[in-house]
Amino acid sequence: MQPNAYYESDRLLTEYAELHFGDTWFGVENFPKALADLALGAMNGKPTGKAVDLGCACGRSSFELARRFDQVEGVDFSANFIRLGVEMAEQGSIRYALAEEGELVSYHTRTLKELGLEECSENVSFYQGDACNLKPQYSGYDLVLAANLIDRLYRPRRFLDSIHERINDGGLLVIASPYTWLEEHTPKEEWIGGFKKDGENHTTLDGLKEHLSEHFRLVSEPRKVPFVIRETQHKFQHTLSEVTIWERLPR
């Protein structure tokens with residue numbers, strides 16, 4: 001058997017597969033699970049009919065949300081990421097190769113069963129889509145989770161100014177982001193924050209309030225949730241993502 005036929009060699013994809021379904025490092029809780037748990041905790045008696053995980057990557061948060069939601073849609077711009085989520089949903093397992101050092105790799109199999117998510121796969125579906133230009137069918141949500149998404153969009157302002165149309169009254173919008181604004185992803189005029197405005201510091205949180213306050217209220221203080229991406233056995237990225245939770249105001 002050729003291992004290469006079974007294992008996805010794309011470096012970024014395998015790093016994210018490990019972030020979503022792999023081991024935890026340095027005592028930092030699994031990030032997609034932590035976000036889903038935060039979102040589910042915030043639902044607190046609200047309807048849990050339909051949720052969307054925008055920028056779902058390999059889909060761990062989508063499966064976690066399906067513990068409580070009747071229907072969860074995972075949407076990502078990357079067909080490769082979506083393919084991994086679909087494979088996990090349909091086969092209950094994925095295999096991938098992790099970089100150890102240089103050309104050396106280790107092979108890993110992860111299953112929904114070992115994560116206690118076997119029952120959840122029936123309620124999850126994955127789609128390739130563009131968060132800045134979502135098709136009309138993506139609507140009627142009780143929860144929108146946008147994890148590490150806004151600072152990777154080419155038109156984040158358009159996304160923030162229109163997302164209310166897709167959320168039911170009283171539904172929640174959960175945004176998590178390390179606010180890493182880079183021109184390679186987002187033209188500078190589209191940045192939400194991270195610049196001077198009228199001589200004052202204009203943070204991304206300021207920008208979020210500016211774009212969302214007409215249709216949402218901020219329901220809790222922002223909190224920072226850590227995540228660790230394993231690059232090799234000796235190199236890791238440790239990042240903090242700021243999480244804000246917004247409730248859709250009645251129309």
Side-chain angles (χ1 to χ4, degrees), residues 20 29-57 59-76 117 120 123-127 129 131-132 134-153 156-179 192-193 203-225 227 240-251:
H20 280 237
E29 193 188 349
N30 180 282
F31 179 70
K33 181 184 188 311
L35 286 187
D37 289 347
L38 256 179
L40 290 172
M43 291 309 291
N44 198 15
K46 292 176 178 292
T48 50
K50 193 162 80 150
V52 65
D53 179 10
L54 284 176
C56 66
R60 175 69 181 271
S61 295
S62 306
F63 292 114
E64 294 286 347
L65 290 173
R67 290 181 189 275
R68 287 258 303 279
F69 276 86
D70 302 333
Q71 191 184 347
V72 181
E73 294 170 349
V75 179
D76 200 276
L117 291 167
C120 302
N123 302 350
V124 178
S125 44
F126 292 103
Y127 305 95
C132 298
L134 283 172
K135 293 181 175 140
Q137 76 251 30
Y138 297 112
S139 64
Y141 295 112
D142 299 306
L143 169 70
V144 171
L145 173 61
N148 294 357
L149 175 75
I150 58 166
D151 58 354
R152 290 294 177 266
L153 297 177
R157 289 163 183 260
R158 175 198 277 184
F159 169 74
L160 293 170
D161 291 341
S162 61
I163 193 65
H164 66 275
E165 297 163 6
R166 301 173 188 279
I167 302 179
N168 297 333
D169 289 359
L172 296 183
L173 168 64
V174 178
I175 293 177
S177 173
Y179 307 152
I192 305 301
T203 66
T204 305
L205 183 59
D206 294 331
L208 288 173
K209 289 174 178 171
E210 206 171 77
H211 284 274
L212 295 174
S213 56
E214 187 183 343
H215 300 285
F216 294 91
R217 70 179 186 90
L218 187 60
V219 293
S220 58
E221 281 302 301
R223 54 185 291 179
K224 297 186 196 309
V225 178
F227 63 96
L240 298 179
S241 189
E242 186 164 277
V243 181
T244 51
I245 302 176
W246 308 81
E247 184 182 56
R248 173 74 165 98
L249 298 170
R251 288 163 174 76

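Across N148 and S241, no two heavy atoms sit closer than the pair OD1-OG, 2.7 Å. The nearest pair of heavy atoms linking A36 to S61 is CB-O, 4.0 Å. Considering every non-hydrogen atom in both S139 and K50, the closest pair reads O-NZ, 2.8 Å. When all heavy atoms of C56 and F126 are compared, the pair lying nearest together is SG-CD2, 4.0 Å.
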### CA sep, side-chain torsions, deciding dist, call: W246, I167, side chain to side chain contact (heavy atoms under 4.5 Å, CB included)
CA-CA 11 Å; W246 308 81; I167 302 179; over 6 Å; no

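When the side-chain contact (heavy atoms from CB on, under 4.5 Å) test is applied to D206, the partners found at least two apart in sequence or on another chain are H202, T203. Every residue meeting the side-chain contact (heavy atoms from CB on, under 4.5 Å) condition with E29, not counting sequence neighbours, appears here in chain and number order: A34, D37. Remark: E73 engages no residue in a salt bridge (charged side-chain N to carboxylate O under 4.0 Å, His left out) (not counting sequence neighbours). Take T204 and apply the side-chain contact (heavy atoms from CB on, under 4.5 Å) test, not counting sequence neighbours, and it matches I150, Y179, W181, I192, L208. The side-chain contact (heavy atoms from CB on, under 4.5 Å) test applied to L153 returns A131, C132, L149, P156, F159, not counting sequence neighbours. Not counting sequence neighbours, the partners of H164 by the ring pair (Phe, Tyr, Trp, His ring centres under 6.0 Å) test are H215.
V174 has its side chain out of reach of L38: every pair of non-hydrogen atoms, C-beta onward, lies at least 4.5 Å apart. The shortest distance between side-chain heavy atoms of N123 and D70 does not fall below 4.5 Å. Side-chain contact between T244 and L218: present, with at least one pair of heavy atoms (C-beta onward) separated by less than 4.5 Å. Counting only heavy atoms from C-beta outward, the side chains of K33 and F63 never approach each other to under 4.5 Å.
Here the CD-CG distance, from E64 to L145, works out to 11.5 Å after rounding to the nearest 0.5 Å. Note that CD1 of I163 and CG of L212 are 9.5 Å apart. Values are rounded to the nearest 0.5 Å. Annotation: the span from R67 atom CZ to L117 atom CG amounts to 4.5 Å, rounded to 0.5 Å. To the nearest 0.5 angstrom, I245 atom CD1 is 10.5 Å from M43 atom CE. For the atom pair CZ of R217 and CD of E247, the computed distance is 4.5 Å after rounding to the nearest 0.5 Å.
More than 12 heavy atoms of other shown residues, nucleotides or ligands fall within 6.0 angstrom of atom NZ in K46. Atom CD of E221 has 12 or fewer neighbouring heavy atoms from other residues, nucleotides or ligands inside a 6.0 Å radius.
The side chain to side chain contact (heavy atoms under 4.5 Å, CB included) test with P222 singles out one residue from L205, V243, I175, and that residue is L205.
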